[in-house]
Each structure stands twice: as C-alpha cells, then as structure tokens.
Amino acid sequence: MSFDILEAMIIASLSGGGILKKYFEEENFSVSRKSVSYDLVTSADRESQEKIISILTGRFPHIPIIGEEGSKEIPHYREAFYVDPLDGTLNFVHKFPFFAVSLGYWKDDEPIAGVVYNPLTKDLFYAQRGDGAFLNGERIRVSATTSVEGSLLVVGFPYQEEGLLKTVEDIKSTMKVTDLRVLGSASLELSYTALGIIDGYWEYALSPWDLAGGVVIAQEAGAVVSAPDGGKFDLFKGDILAATPGIYRELVKAING
Ligand code: 2AM
Ligand code: CA
C-alpha cells in the first residue's frame, strides 16, 4: 500500500480535527442553548466531512468514500475510505470533551490503514497493516493485563433495541468481576485500547465508519478483534470486541455469561 494513503489520511484528520476544535471552543456554544449547540454540531460535522473528502478525493479520486452523511444503504466496494468526520456526536452536543475524527482505508475486506485524531488532546493515533500502531510518532501496544478482574473495560450503548438489550445482559454477567466505563466514541475507545489504558471494549450495531479506522490501530497494537461472541469481526455488521490478548478469552466468557 503506498505510504501516501496514510499520509493523506493523517493530513485529512488533522484538518477535520482543527474544524471540530474551532466549533467546540466557539464562545456561544453553550450547553444550555441546545438549539445553538445542535446547529454548531451539524456545521462542525459537515465542515469536517467536506474538508476531509476534498483532501482524500483530491489525491485519490478513484477510491470511493463511505461516510456517515452518505447514502443510507452502505455500498460494499473492493477498496474504500471510511470517514467519520465527528465520532462522539452526543458527547460534542453536551460539550463533553471526548470525540474524534476517524478514518479507515480497507481493501478486499481487509483493514489496511487507520487514523483517529482527538483534536482536544492532539492525540493522533495511526497504523498501517504490518507496520504497528503509533500515537504521535511513538509505537503503542495493548496492556499486559492478564485477568478480567481488576481490568478497565469499556462498553457502548447501541441505539437499536436488540443491541441495547444484549448489552444490558452482557453487563449483568460482566459486572461481577470488573468496573465498566461508557465513553461515547468507538474510535477513541478502540485507540485507547491500543494504547493499553483500556483493557477491553465491546459494542453492538456500530457503523463501518465508526470502526474501520480504530480496528486497524487496535490490531496493529496487538489487540484481539472479534465479534463480542468470539466470532469473526464483520465491519458491515458492526458488532465489535477488542481486548488485550491476556484477557480476551476470559472476557468473551464473561460477556456471554
Ligand atoms: P457517532 O457519534 O459518530 O454517531 C457511541 O455509543 C458510539 O456509537 C459512537 O461512536 C457513535 O458514533 C456510535 N453510534 C452508532 N450509531 C449511532 C447512532 N444512531 N446514534 C448515536 N451514536 C451512534
Ligand atoms: Ca459520526
């Protein structure tokens, strides 16, 4: 894979992230005035998306872009960029400082490159298959944790009924042995798993653009990535579990009760 795909993704994520930060720090973005903040979020999301698309299509006009604001049914191309110009929308609306730009490049159904950028902390996570995962130029790896007990696990609440009920069941069987967090941005939860500060993360019914970038970063940092039941991860199904190998098997058992 030519290096300049990753380079273009990094440039695009930094530009998109800069736009998000500008809106997030906008003085009249007050949590109280909901209508204002929803409008600001929409503008931030759209402007970030437009900037990212112009950079990527400018350099790679032949590679399709699958984005959140795109058509409803998700086409399945041989190769594509998956763009989430603002991952953690609800956090952003409430001025909760935990959101990111998430970009993934997949080819022949394989994860090839991923970039996740947190513009508030300036944490730039990136990876390309076979070359390892990085945070701001430093190599990163998953944690050395070897037991679910005492680990830090993160879960997400999907917005569809079936996934939500499954998550409640999972939590009942997992809560006995560990503490749980819900952070609200799949790409950052995957990136902080790659960094080793989260030991495992799972969520159901996500979209390809939520996951395509973070999955590459997590895998290249040594995480095991699968469906929460231990089956094969499917980008288009959107059910994910990413965990450091030391707790992976035990976590699959804990989640599935
Ligand atoms: P988003 O902020 O880009 O929508 C939070 O649980 C995670 O789920 C976030 O990564 C969020 O991405 C994603 N998500 C997927 N579908 C969603 C939806 N319908 N509404 C809100 N968040 C959703
Ligand atoms: Ca989004």
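What you are looking at is a predicted structure, and each value in this text was computed from that prediction instead of being measured. Atoms within each ligand, like the ligands themselves, are counted from 1 in listed order.
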Strictly below 4.0 Å, N to O, side chains only: are Asp179 and Arg181 in salt-bridge contact? yes
Would you say that Leu153 contacts Val148 through its side chain, given a criterion of any heavy-atom pair below 4.5 Å between the two side chains? yes
Geometry only, no angles: is Gly184 polar-contacting ligand 1 at N/O separations under 3.5 Å? no
Test log, rule side chain to side chain donor-acceptor pair (under 3.5 Å), inputs Asp87 and Ser185: CA-CA 6 Å; Asp87 181 45; Ser185 165; 2.8 Å; yes
For atom 1 (P) of ligand 1, grab the closest protein heavy atom and report residue, atom and distance to one decimal in Å. Thr89 OG1, 3.5 Å
What orientation do Tyr105 and Phe81 show, parallel under 30°, tilted 30 to 60°, or perpendicular over 60°? tilted
For a 4.5 angstrom cut-off between non-hydrogen side-chain atoms, does Val83 reach Trp209? no
If you measure every N/O of Ser185 against every N/O of ligand 1, is any gap under 3.5 Å? no
Below the 3.5 angstrom mark, is there an N/O of Leu206, backbone or side chain, next to an N/O of ligand 1? no
Look at atom NZ of Lys237 and say whether more than 12 heavy atoms of other residues, nucleotides or ligands are closer to it than 6.0 Å. no
Could you list the atoms of ligand 1 found under 4.0 angstrom from a heavy atom of Gly88? 1 (P), 2 (O), 3 (O)
About how large, to 10 degrees, is the angle O of Leu86, then the Ca ion (ligand 2), then OD1 of Asp84? 80°
Parallel, tilted or perpendicular, judged at 30° and 60°: which one describes the rings of Tyr126 and Phe134? parallel
Counting heavy atoms only, which of Asp45, Val41, Asp84 is nearest atom 3 (O) of ligand 1? Asp84
Flag, side chain of Asn91 to backbone of Phe99, donor-acceptor distance under 3.5 Å: no
Quick one: does ligand 1 sit under 4.0 Å from the side chain of Asp210, the backbone, both or neither, non-hydrogen atoms only? side chain
Distance-only N or O hit between ligand 1 and Asp87, under 3.5 Å: yes
Selection from Trp209, Tyr159, Tyr204 by shortest heavy-atom distance to atom 22 (N) of ligand 1: Tyr159
Which of the atoms of ligand 1 are close to Ala186, meaning less than 4.0 Å from one of its heavy atoms? 9 (C), 10 (O)
Between Leu86 and ligand 1, which part of the residue brings a heavy atom under 4.0 Å of the ligand: side chain, backbone, both or neither? backbone
Closest non-hydrogen protein atom to atom 6 (O) of ligand 1, residue and atom name please, with distance? Glu203 OE2, 2.7 Å
Could you check whether Lys166 pairs with Glu169 (Lys NZ or Arg NE/NH1/NH2 to Asp/Glu carboxylate O, under 4.0 Å)? no
